[in-house]
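Nothing here was measured: the structure is a model prediction, and the numbers come from that model. In the text below, chain A, chain B and the rest are named by the order of the sequence lines, each starting its count at 1.
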Number of protein chains: 2
Amino acid sequence: MGRGRVQMKRIENPVHRQVTFCKRRAGLLKKAKELSVLCDAEIGVVIFSAHGKLYELATKGTMQELIERYGKYTGGPPADEPMVEPMDAKKEIEMLKQEIEILQKGPRWTLCFKKSKC
Amino acid sequence: MGRGRVQMKRIENPVHRQVTFCKRRAGLLKKAKELSVLCDAEIGVVIFSAHGKLYELATKGTMQELIERYGKYTGGPPADEPMVEPMDAKKEIEMLKQEIEILQKGPRWTLCFKKSKC
DNA sequence: TCCTATGAATAAGC
DNA sequence: GCTTATTCATAGGA
């Protein structure tokens with residue numbers, strides 16, 4: 001980026017590393033917020049700097065709540081299929097119905113890109 | 001980005017939202033890895049999609065270890081163990097989701113693309 | 001810090 | 001999924 005490419009290895013120069021850390025940390029948190037808003041996702045980011053300082057972000061509720069949700073999810077039944085966590089049933093049903101409505105009304109592609117692979 | 005600006009609000013069209021979620025999620029995790037490597041930081045990212053599916057990344061060690069470190073740092077209590085949550089109306093939700101899946105994939109890509117990983 | 005030149009990310013379209 | 005047109009992020013330098 002910027003001027004010249006970036007090697008994916010630890011930046012040795014401590015000044016450069018510090019500057020890059022600040023810039024990219026801000027960028028990462030911004031991206032996380034954006035993804036959360038745009039796609040209605042709950043996201044948590046935890047960053048420990050090399051010196052051990054903590055930076056964090058939780059897009060919905062608190063980090064503690066997110067950690068608890070994480071614990072429930074990973075501690076649940078060992079699904080071979082991607083497991084989906086039940087949320088408030090009423091809410092979800094409403095959301096799903098709305099999606100269906102949008103899908104049914106919205107214009108559909110009539111194109112089919114036939115590639116040999118498929 | 002890309003073609004035209006992005007409004008920082010929830011994407012209403014479910015197809016667009018899904019596509020954006022996949023792309024930006026990948027981008028976010030990539031950025032997190034890069035920051036970790038370049039600046040020698042320990043980073044954890046947890047993403048719950050709107051439908052409750054979990055995506056995660058821990059750049060050093062496991063997420064569980066990172067959560068413990070976080071708990072120590074913040075002085076909070078250790079992560080709770082999961083609890084199982086009973087559900088009703090689960091059936092209806094499943095049906096609706098299936099319908100959405102059919103609508104999204106059915107007539108459009110059946111002959112062309114493999115099942116999406118997202 | 002602020003300011004560019006450039007490399008990356010990504011929204012749409014296919 | 002792949003391509004392309006644009007916007008975004010950011011490395012280096014002032």
Tell me the interatomic distance from [X], atom [atom1], to [N], atom [atom2], rounded to whole angstroms.
{"X": "B/F21", "N": "C/dA11", "atom1": "CZ", "atom2": "C1'", "value": "17 Å"}
{"X": "A/R24", "N": "C/dA9", "atom1": "CZ", "atom2": "C1'", "value": "12 Å"}
{"X": "A/N13", "N": "D/dG12", "atom1": "CG", "atom2": "C1'", "value": "12 Å"}
{"X": "B/Q7", "N": "D/dC8", "atom1": "CD", "atom2": "P", "value": "10 Å"}
{"X": "B/R5", "N": "D/dC8", "atom1": "CZ", "atom2": "C1'", "value": "10 Å"}
{"X": "A/L35", "N": "C/dT10", "atom1": "CG", "atom2": "P", "value": "9 Å"}
{"X": "B/L28", "N": "D/dA9", "atom1": "CG", "atom2": "P", "value": "12 Å"}
{"X": "A/L38", "N": "D/dC8", "atom1": "CG", "atom2": "C1'", "value": "14 Å"}

Check this for me: does the side-chain of [X] come within 3.5 Å of the base of [N] through a donor and an acceptor?
{"X": "A/R3", "N": "D/dT10", "answer": "no"}
{"X": "B/K31", "N": "D/dA9", "answer": "no"}
{"X": "A/K23", "N": "D/dG12", "answer": "yes"}

The helix from C/dT1-D/dA14 to C/dC14-D/dG1: angle between terminal helix axes, five bp per end, to the nearest 10 degrees, reads 30°

Q: Examine D/dT10: is either OP1 or OP2 under 4.0 Å from a nitrogen or oxygen in the side chain of A/T20? Give yes or no.
A: no

So which one's nearest nucleotide on DNA chain D is more toward 5', B/G2 or A/H16?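 Result of the comparison: B/G2.
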
Is any NZ, NE, NH1 or NH2 atom of the basic residue among B/K97 and A/E99 found under 4.0 Å from an Asp or Glu carboxylate oxygen of the other?
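Salt bridge between B/K97 and A/E99, a charged N being under 4.0 Å from a carboxylate O: no.
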
*Is the shortest side-chain N to carboxylate O distance from B/R10 to B/E12 below 4.0 Å?*
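Between B/E12 and B/R10 there is a salt bridge, with a charged N closer than 4.0 Å to a carboxylate O.
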
Using residues 25-37 of chain A as the side-chain source, report each donor-acceptor pair under 3.5 Å to any protein atom, sequence neighbours left out, with the distance given to one decimal.
| residue | atom | partner | partner atom | Å |
| --- | --- | --- | --- | --- |
| A/E34 | OE1 | B/R24 | NH1 | 2.8 |
| A/S36 | OG | A/A41 | O | 2.7 |
| A/S36 | OG | A/T59 | OG1 | 3.1 |

Sorted by chain and residue number, the salt bridge (Lys or Arg N to Asp or Glu O under 4.0 Å) partners of A/E42 (sequence neighbours excluded) come out as A/R69

With sequence neighbours left out, the residues meeting salt bridge (Lys or Arg N to Asp or Glu O under 4.0 Å) with B/R3 are none

Quick one: side chain to side chain contact (heavy atoms under 4.5 Å, CB included) partners of A/K9, sequence neighbours excluded?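 With neighbours one apart ignored, the set is A/Q7.
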
Closest of C/dA9, D/dA11, D/dA9 to the B/E34 side chain is C/dA9

Sugar-phosphate only, base, or nothing, as touched by B/V19 at under 4.0 Å among non-hydrogen atoms: nothing

For A/K23, the side-chain hydrogen bond (donor to acceptor under 3.5 Å, both in side chains) test, sequence neighbours excluded, returns none

